[in-house]
Amino acid sequence: MGQSEVAQKVEQLHVLLAKIQREYAPAVFANSFGAEDMVLTDLITRYYSHIAMFTLDTGRLPQETYNLMQQIKDRYGVSLQIYFPEAAAMESYIVQNGPNGFYQSVELRKRCCYIRKVEPLRRALAGKGAWITGMRREQAVTRDGLSISTFDAENNLQKFNPLCEWSNTEVWAYLKQYNVPYNKLHDRFYPSIGCAPCTRAITPGEDIRSGRWWWENSGSKECGLHVGKAAWIK
C-alpha cells in the first residue's frame, strides 16, 4: 500500500467527516479502540473538534484497552465521554447468573451484551444527529452489506461507517504512516477486541471474528450494537 493510495483514502475521509460535522450536528463517534477506530480517532481529534467521542466501558475490558484510552488522553488532550452499564441491571444479572453466566447459553450472553453495551449505547445516542463507527465490510460475513451511510431507525439518526470500504492493509498503513497508537493486543493476534472474557487470540487462517464468543457455534459474531432489536434479549 503506497503513501499516495493512503492519501487518497484519507482525503475521502476528510470530505465525509467535514460533511457529517457540518450537516448532522450533534454528531458523535463511538470509539471501541480497535485499529479502525484509531484511524478515526486520529483524524477527528486533530481536525473535527465538533464531533464528540464516546466509549462504552463494560467493566470487563482488557487492561490493554484501558492503557490505550490513557494514551489517547495523553497524546491528543481529549477526554472521552464514558458510558457504563446501569448498576442495578448489572447487579441483578450477576446475582442471578454469576459473574461469568454468559458462558452458559447464547441467551445469557446476549443479555449480558444488552446490559453492558446496547442499553448504554442508546443513552449515548439519545438526541444526536448522527453516529460514526469504525466498521468495515472485511471484518465479518455479517457486515458484507455494510454501507457508508444509512438511517438508523432504532436510534432515530444517521449512521456512518466511513471505513467500510477500507482493507485491513489500508488501516495499518495509516496507523504506521502517522504513528498512531493502537491496542497492543493486536500484536498478539487479537484482530477483534471486546470484553476480556469474550475475546481470544486467533490462529493463522481463522476468520477475523472467530476470537469473539468462540464457545458459541454461531455464524453471527455480533454483540447487538449493530443489528436490529428483534434479535436481542432485553
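For clarity, every value in this text was computed on a predicted model and none was experimentally measured. Computed over heavy atoms, backbone and side chain alike; hydrogens, waters and symmetry mates excluded.
Here the side chain of Tyr103 pairs a donor or acceptor atom with the backbone of Pro197 at under 3.5 angstrom. Of the possible donor and acceptor atoms, none in the side chain of Ser92 sits under 3.5 Å from a partner among the backbone N and O of Ala88. A donor-acceptor pair is defined here as one N or O able to donate and one able to accept, closer than 3.5 Å; such a pair exists between the side chain of Arg136 and the backbone of Trp166. Here the side chain of Arg137 pairs a donor or acceptor atom with the backbone of Leu146 at under 3.5 angstrom. Between the Ser192 side chain and the Ile208 main chain, no donor and acceptor come within less than 3.5 Å of each other. No side-chain donor-acceptor contact under 3.5 Å links Asn161 to the backbone of Cys164. No donor-acceptor distance shorter than 3.5 angstrom exists from the side chain of Tyr178 to the backbone of Val39, with no hydrogens or angles considered.
Using a 4.0 Å cut-off between charged nitrogen and carboxylate oxygen, Glu119 and Arg123 count as a salt-bridge pair. At a threshold of 4.0 Å, the pair Lys9-Glu165 does not count as salt-bridged, since none of the basic side-chain nitrogens sits closer than that to a carboxylate oxygen. Under 4.0 Å is where a charged nitrogen must lie from a carboxylate oxygen, and between Arg200 and Glu206 at least one such pair does.
Within the 4.5 Å cutoff, the side chain of Lys117 has heavy atoms near those of the Cys195 side chain. Side-chain contact check for Lys73 versus Met69: every heavy-atom pair is 4.5 Å or farther apart.
Residue-environment remark: CZ (Phe189) stays at or below the threshold of 12 foreign heavy atoms within 6.0 Å. Atom NE2 of His50 sits in a sparse spot, with 12 or fewer heavy atoms from other residues, nucleotides or ligands closer than 6.0 Å.
Counted by atom type alone, Gln71 and Asn67 present zero donor-acceptor pairs between their side chains at under 3.5 Å. When only modelled atom types and interatomic distance are considered, Asp42 and Tyr174 share a side-chain donor-acceptor pair under 3.5 Å. Between Arg75 and Asn179, the side chains place no donor N or O within less than 3.5 Å of an acceptor N or O (distance only, hydrogens not considered).
For Ala27 against Ile20, the heavy-atom pair with the smallest separation is CB-CG2, 3.6 Å. Among all heavy-atom pairs drawn from Leu157 and Leu125, the shortest one is CD2-O, 3.8 Å. Here the closest heavy-atom approach between residue Pro26 and residue Gly127 is recorded as CG-O, 3.8 Å. Residues Ser149 and Gln158 share a closest heavy-atom pair of OG-NE2, 2.8 Å. Summarising the geometry of Arg188 relative to Ala201, their closest heavy-atom pair is O-CB, 3.5 Å, with the distance given to 0.1 Å. Taking both residues in full, the closest heavy atoms of Ser32 and Asp37 are given as OG-OD2, 2.5 Å, listed atom of the first, atom of the second, then distance.
In terms of hydrophobic clustering, with Ile, Leu, Val, Met, Phe, Trp and Tyr side chains grouped at heavy-atom distances under 4.5 Å, Tyr190 and Leu61 are assigned to different clusters. If you chain together hydrophobic residues whose side chains sit under 4.5 Å apart, Tyr47 and Leu13 fall into the same group. Hydrophobic clustering places Leu68 together with Leu40 (ILVMFWY residues linked when any side-chain heavy atoms are closer than 4.5 Å, directly or through intermediates). Residues Ile193 and Trp214 do not share a hydrophobic cluster, clusters being chains of Ile/Leu/Val/Met/Phe/Trp/Tyr side chains in contact below 4.5 Å. Each of Leu121 and Phe151 belongs to its own hydrophobic cluster when Ile, Leu, Val, Met, Phe, Trp and Tyr are linked at side-chain heavy-atom distances under 4.5 angstrom.
Once rounded to the nearest 0.5 Å, the distance linking NZ of Lys128 with CG of Asn156 reads 13.0 Å. Taken to the nearest 0.5 Å, the CD atom of Glu64 stands 6.5 Å off from the CG atom of Asn183. Note that the CZ atom of Phe54 and the CG atom of Leu80 stand 10.5 Å from one another [nearest 0.5 Å]. Rounded to the nearest 0.5 Å, atoms OG1 (Thr65) and CZ (Arg60) are 13.5 Å apart. One finds the CD atom of Glu36 at 8.5 Å from the CG atom of Leu175 (value rounded to the nearest 0.5 Å). Taking CD1 of Ile82 as the reference point, atom CG of Asn31 lies at 10.5 Å (rounded to 0.5 Å).
Figure legend: cation-pi geometry between Lys184 and Tyr182, with NZ or CZ positioned under 6.0 Å from the six-membered ring centre and within 45° of its axis.
In this structure, Phe102 and Trp215 have tilted ring planes: the angle between them lies in the 30° to 60° band.
Remark: Glu91 engages Ala87 in a side-chain contact (heavy atoms from CB on, under 4.5 Å) (not counting sequence neighbours).
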Query - Trace of the side chain to side chain contact (heavy atoms under 4.5 Å, CB included) decision for Thr199 with Arg212 - result: CA-CA 5 Å; Thr199 306; Arg212 303 292 294 277; 3.8 Å; yes
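When ring centroids are compared, Tyr48 and Phe29 stay outside the 6.0 Å threshold.
The residue from Val10, Leu16, Leu17 that alone fulfils the side-chain contact (heavy atoms from CB on, under 4.5 Å) condition with His14 is Val10.
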